[in-house]
Amino acid sequence: QVQLEESGGGLVQAGGSLRLSCAGSGRPLGLLAMGWFRQVSGNEREFVATISQSSARVVHGDSVKGRFAISRDNAKNTVYLQMNSLKPEDTAVYYCAAGTYMGYGAADYPYWGQGTQVTVTS
C-alpha cells in the first residue's frame, strides 16, 4: 500500500509561482511512476504531468506545457510540481498519484493523495 500526501497549495496572483510536493510512505516511490492531476468541482480529473520511475521520461499536459515541471527525488520519496506563470484557469484541487506505469488517465493510477487547493487570482 502507498500513502501520498500533497502540500504547497495556496493562494497566488496570476503570473506567480507555487511548488507542490507529494510525499510518499509505505513503499518506495522510486518503484512507481508518478502523476499530477487537477480537478475543478463538477469536472473530471485533468491530466497535468507524469514522470517515470527514474525521471528519464516526463510528459506534461498541453494546458501546462512550458509553465509547469514535474520532478522527483527518490531519496526523499517525494515528487514535485513546479508551477510558474500561473493563470486563473489553473485554479483547482491538485492531486498526486502513483502507479506502475506512466498514464494520462486517472484510471491508470491506483494510489492517490487527498489533494491540495491552488487558487490563482487575477
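The residues of the chain are indexed from 1 along the displayed sequence. Predicted, not measured: the structure shown is a model, and the values here were computed from it.
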Check step by step if side-chain hydrogen bond (donor to acceptor under 3.5 Å, both in side chains) holds for S17 and N84. CA-CA 4 Å; S17 298; N84 299 327; 2.9 Å; yes

Going through the checks in order, is the side-chain contact (heavy atoms from CB on, under 4.5 Å) test met by R27 and L32? CA-CA 9 Å; R27 190 175 172 188; L32 300 168; 4.0 Å; yes

Under the criterion side-chain contact (heavy atoms from CB on, under 4.5 Å), I'd like the reasoning laid out for C96 against V79: C-alpha separation, chi angles, the key distance, then a yes or no. CA-CA 8 Å; C96 72; V79 177; 5.9 Å; no

Report the C-alpha separation of M83 and V12 in whole Å, then their side-chain angles, then the decisive distance to 0.1 Å, and conclude whether the side-chain contact (heavy atoms from CB on, under 4.5 Å) test is met. CA-CA 11 Å; M83 306 188 294; V12 63; over 6 Å; no

Report the C-alpha distance between E46 and W36 in whole Å, list the side-chain angles of each, state the deciding distance to 0.1 Å, and finish with yes or no for side-chain contact (heavy atoms from CB on, under 4.5 Å). CA-CA 9 Å; E46 177 191 4; W36 284 98; over 6 Å; no

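A ring pair (Phe, Tyr, Trp, His ring centres under 6.0 Å) with F37 is found for one member of Y104, Y109, Y95 and no other, namely Y109.
The same ILVMFWY cluster, assembled from side-chain heavy atoms under 4.5 Å apart, contains both L81 and V58. Cluster annotation: F47 is not connected to I51 through the hydrophobic network of ILVMFWY side chains, with a link wherever side-chain heavy atoms come within less than 4.5 Å. At a threshold of 4.5 Å between side-chain heavy atoms, the hydrophobic network of Ile, Leu, Val, Met, Phe, Trp and Tyr places Y111 and L20 in one connected group. Two different hydrophobic clusters hold V93 and V64 under the rule that ILVMFWY side chains link at heavy-atom gaps under 4.5 Å.
Heavy-atom minimum distance, G99 versus P110: CA-CD, 3.7 Å. Nearest approach of M34 to L4, heavy atoms of both residues: CE-CD2, 4.1 Å.
Remark: R19 qualifies as a cation-pi partner of Y80 under the 6.0 Å distance and 45° angle criteria applied to the six-membered ring.
Looking only at distances, no side-chain donor or acceptor of S63 sits under 3.5 Å from a matching main-chain atom of G61. Looking only at distances, no side-chain donor or acceptor of R72 sits under 3.5 Å from a matching main-chain atom of S54. Under a 3.5 Å cut-off, the side chain of H60 and the backbone N or O of G66 do not form any donor-acceptor pair. For the pair N77 (side chain) and L29 (backbone), a donor-acceptor distance under 3.5 Å is present. A donor-acceptor pair is defined here as one N or O able to donate and one able to accept, closer than 3.5 Å; no such pair exists between the side chain of R57 and the backbone of Q53. Without hydrogens or angle criteria, Q1 side chain to G26 main chain gives no donor-acceptor distance under 3.5 Å. A distance-only check finds no donor-acceptor pair linking the side chain of T91 to the backbone of T119 [under 3.5 Å].
Annotation for Q114: atom CD does not count as buried by contact number, only 12 or fewer foreign heavy atoms lying within 6.0 Å.
Here the SG-CD distance, from C22 to E6, works out to 5.5 Å after rounding to the nearest 0.5 Å. Rounded to the nearest 0.5 angstrom, Q117 CD and Q39 CD are separated by 11.0 Å. For the atom pair CZ of R38 and CD of E89, the computed distance is 8.0 Å after rounding to the nearest 0.5 Å.
Between Y94 and F68, the ring planes are tilted. Angles from 30° to 60° get that label.
A salt bridge between K65 and D62 is present, with a side-chain N of the basic residue lying under 4.0 Å from a carboxylate O of the acidic one.
Side-chain atoms of V120 and Q13, non-hydrogen and from C-beta on, never get closer than 4.5 Å to each other. A heavy-atom distance below 4.5 Å is found between the side chains of R45 and W112.
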